[in-house]
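Take a look at the structure set out below.
So you know, we letter chains A, B, ... as the sequences are listed, proteins then strands, and number each from 1. Note that the structure is a prediction, hence the values are computed from the model and not measured.
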Amino acid sequence: MNTRYTHQAIALLLGAALGTPGLAQSAASPAAPAKPAAKPWKPALLSDGPPNVQGTWTAVYYGMGCLTNPTNGDVNCVPPPGPRPAAGTANAGGPPSVDPSTGKAPGQRGNGNPPTIVNAQPDGTGGGARQRAAAAQAGGGADLAPGAGARAPRAPRNAPSRIIDTPNYDIPYTPEALAHQQDLFAHYYEFTRYSDIDPQQRCWPLGAVRQFTWHDVTIEQHPGYVLLIYSGAEQYRIIYLDNRPHIGNDLKLWFGDSRGHWEGTTLVVDTTSNNAKGRLSRAGDFSSDKVHYTERFKFTGPNTLRYEATFDDPSVYTRPWTFAIDEKRGYFGGDGGVPTGPVTAESQAKFELWEEACHEGLIPGGNDIPGLPTIPAEYAAK
Amino acid sequence: MIVSSTRCITLLAGALLVASASGQSARSASSSRTPAIPRLADGKPDFNGIWQAIGGADIDLQDHAADQYAPGAQTVVEEHTIPYLPDARKLRDQNFAQRNSLDPVTTKCNLPGVPRITYARNLPFQIFQLPKGDKITVLYEYAEAHRFLYTNGTAHPPGHINWYLGDSRSKWEGDTLVVDSIDFLDGLWLDHAGDTTSPDLHVIERYKLLDADHLDYKVEIDDPKVYAKPWHIDLILYRRKEKNFQLLDYVCYAFPYEKYYP
């Protein structure tokens, strides 16, 4: 076995013994089990003040198919057909059934999994799906489910809903917005319009929030700036800490316009000017470009990050709601530059995030819509 | 990730840069013939900031007259013309004739390779440099691209690797940052005029501050499959000094479809 994974497996076991840092710290629900107050974390500080949180971070529960049960491996939040599961019960979906009469997958939603969902299985200690596959190929996999591996069928699993503060742990869409989401959802596999192709499938930037659910992120801290440089595609984001005013809100950006400040070990970020074109999941979840995020990067320990983003967008949602994802330090991410040998501070410092060109490598025609030109006629005519 | 413990001086240096770059120049002019350049706590020239090319390199590295699409510009090639091998010259001419349908930057929004990323569409880019850092990070407005210019003495990884932006290892020669890049994939275009390269491309960039607000950018381009001998680009990069100027985004691969989202 690769020693890297041994190390990480031990780290995870320790984490579990201490109450599963990612989850327990995130307990926003009153139903969460009580736990003794954790010792406050005393971070190493950079000389200009803020805690040193640099390094590579990866999701505890990886997945962008369905926000209410993120690890089920598909866009389907519940297994259709059938009754919606009761709140608080397992909600693992499988591949969607396509209605043979319509050729469409039904756009069904379920109750979201609560933060206290039982039998949740975190991703491999190395990170998300790609890391699990790499671990299997490397002959590791102590942290893999029996039978799991690069070629094993993906088993439905459970994880807490990404939505943490609505009664059913789902997005509080207005009726009109829900109809739009359901329409996109129903066309995920049977696309008929340009807009049916999921933004990630086009290798687009996924926005300040969703990008967190796609591979890893490397954080760099520079005086006046926090940089987030993502794995999985060439994407980055700059958070400005220098109190400059926001850009005009008519000017929209793929990652929005972010102004941050530190409150202890929490980086609070106000993000406007989101173009929202990256959407929020493969299931058609979305905001409008009026959405305003208040983000909190809660560094809860040397290796744990709780990320929460409050969505405020009355044109789409009936009330503000909060997206959350737990992250952990990743010692292995990206497609290359993996340090060999045991994981130490030194070996981790040798990790290099290598180029991951994405749209350049798309299969020609892979995103074509049947019956429509590859390049929209009105664009080509310009 | 290597973390520096001496960053407040960086902050001071940065503040100086933003607040009184002109003051620095004035002060230095009285004390020395060479303009003072900003420096980090480790004594290295401080490249932090937003930079931008303004010339015609992206249209054509060599002399070109104005047309309906772009202004004319003088060559930035030190040898005046690019010393092509005969077959490569033919390919370049074919590319030129079909440039509006073949340029991978203007037609596909591909990552532009090095050095074109520096002047592609003349878009700004931001350099992030820490004292005693293990690398210099460069974020480009073009297509969310980034480069890491490693300064920690590491060698190129075992290759060959097919990358758009190559693998960049750097060292300081006095006040000049020398960036050595290999591991490029085939068929990159150095400009919109069809100047092209092979996987043997070897690029050596030299970044040197002329004063607080001007970077001299010299590039040696070697590719024995394409050129008869190494040749050189020299152009100036300018600091963006507008108040609250910041990088925006230029996600050109989304242009045809983005109106249909969210």
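Within 6.0 Å of atom CG in Asp67(B), more than 12 heavy atoms from other residues, nucleotides or ligands are found, so the atom counts as buried in its surroundings. Other residues, nucleotides and ligands place no more than 12 heavy atoms under 6.0 Å from the CG atom of Asn243(A).
Between Trp163(B) and Trp354(A), the angle of the ring planes goes over 60°, which puts this pair in the perpendicular group of the 30/60° scheme. Between Tyr257(B) and Tyr194(A), the ring planes lie tilted relative to each other; the angle falls in the 30° to 60° range.
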>> Under the criterion side-chain contact (heavy atoms from CB on, under 4.5 Å), I'd like the reasoning laid out for Asp289(A) against Tyr261(B): C-alpha separation, chi angles, the key distance, then a yes or no.
In response: CA-CA 10 Å; Asp289(A) 65 5; Tyr261(B) 292 75; over 6 Å; no
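We find the CG-CD1 distance between Leu247(B) and Ile238(A) to be 4.5 Å, quoted to the nearest 0.5 Å. For the atom pair CD of Glu355(A) and CG of Leu111(B), the computed distance is 5.5 Å after rounding to the nearest 0.5 Å. Annotation: the span from Ile229(A) atom CD1 to Thr137(B) atom OG1 amounts to 5.0 Å, rounded to 0.5 Å. Rounded to the nearest 0.5 angstrom, Tyr225(A) OH and Asn48(B) CG are separated by 8.0 Å. Taking CD from Glu234(A) and CZ from Arg147(B), the interatomic distance works out to 11.5 Å, rounded to the nearest 0.5 Å.
Within the 4.5 angstrom heavy-atom criterion, only side-chain atoms of Pro157(B), from C-beta onward, approach chain A. Proximity to chain B is limited to the side chain of Tyr240(A), based on heavy atoms less than 4.5 angstrom apart. Neither the backbone nor the side chain of Tyr250(B) comes within contact range of chain A, judged by heavy atoms closer than 4.5 Å. Only the backbone of Ser287(A) comes within contact range of chain B, with heavy atoms under 4.5 Å apart. At a 4.5 Å heavy-atom cutoff, Leu45(A) makes no contact with chain B through either its backbone or its side chain. Residue contact with chain B, scored on non-hydrogen atoms closer than 4.5 Å, involves the side chain of Asp257(A) exclusively.
In terms of heavy-atom pairs under 4.5 Å with chain B, the best-connected choice from Leu251(A), Ile247(A), Asn275(A), Leu227(A) is Leu227(A). The most heavy-atom pairs under 4.5 Å with chain B, out of Tyr230(A), Phe255(A), Phe286(A), come from Phe255(A). Most heavy-atom pairs under 4.5 Å with chain A: of the set Gln126(B), Glu258(B), Lys108(B), this distinction falls to Glu258(B). Heavy-atom pairs under 4.5 Å with chain A peak, among Phe255(B), Tyr260(B), Phe148(B), at Tyr260(B).
Without hydrogens or angle criteria, His359(A) side chain to Cys109(B) main chain gives a donor-acceptor distance under 3.5 Å. With hydrogens and angles ignored, the 3.5 Å screen pairs a side-chain donor or acceptor of Glu144(B) with a backbone N or O of Tyr236(A). A donor-acceptor pair under 3.5 Å is absent between the side-chain atoms of Asp249(B) and the main chain of Leu253(A), judged by distance alone. Between the side chain of Arg244(A) and the backbone N or O of Lys243(B) there is no donor-acceptor pair closer than 3.5 Å. Counting only distance, with no hydrogens or angles, the side chain of Lys277(A) and the backbone of Pro262(B) share no donor-acceptor pair below 3.5 Å.
At least one test fails for Arg202(A) against the ring of Tyr253(B): distance under 6.0 Å to the centre or angle within 45° of the axis.
Between Glu352(A) and Lys135(B) no salt bridge is recorded (no basic side-chain N to carboxylate O distance below 4.0 Å).
Listed here is the closest heavy atom pair of Trp254(A) and Ala254(B): CZ2-CB, 3.4 Å.
The aromatic ring centres of His222(A) and Phe128(B) sit less than 6.0 Å apart.
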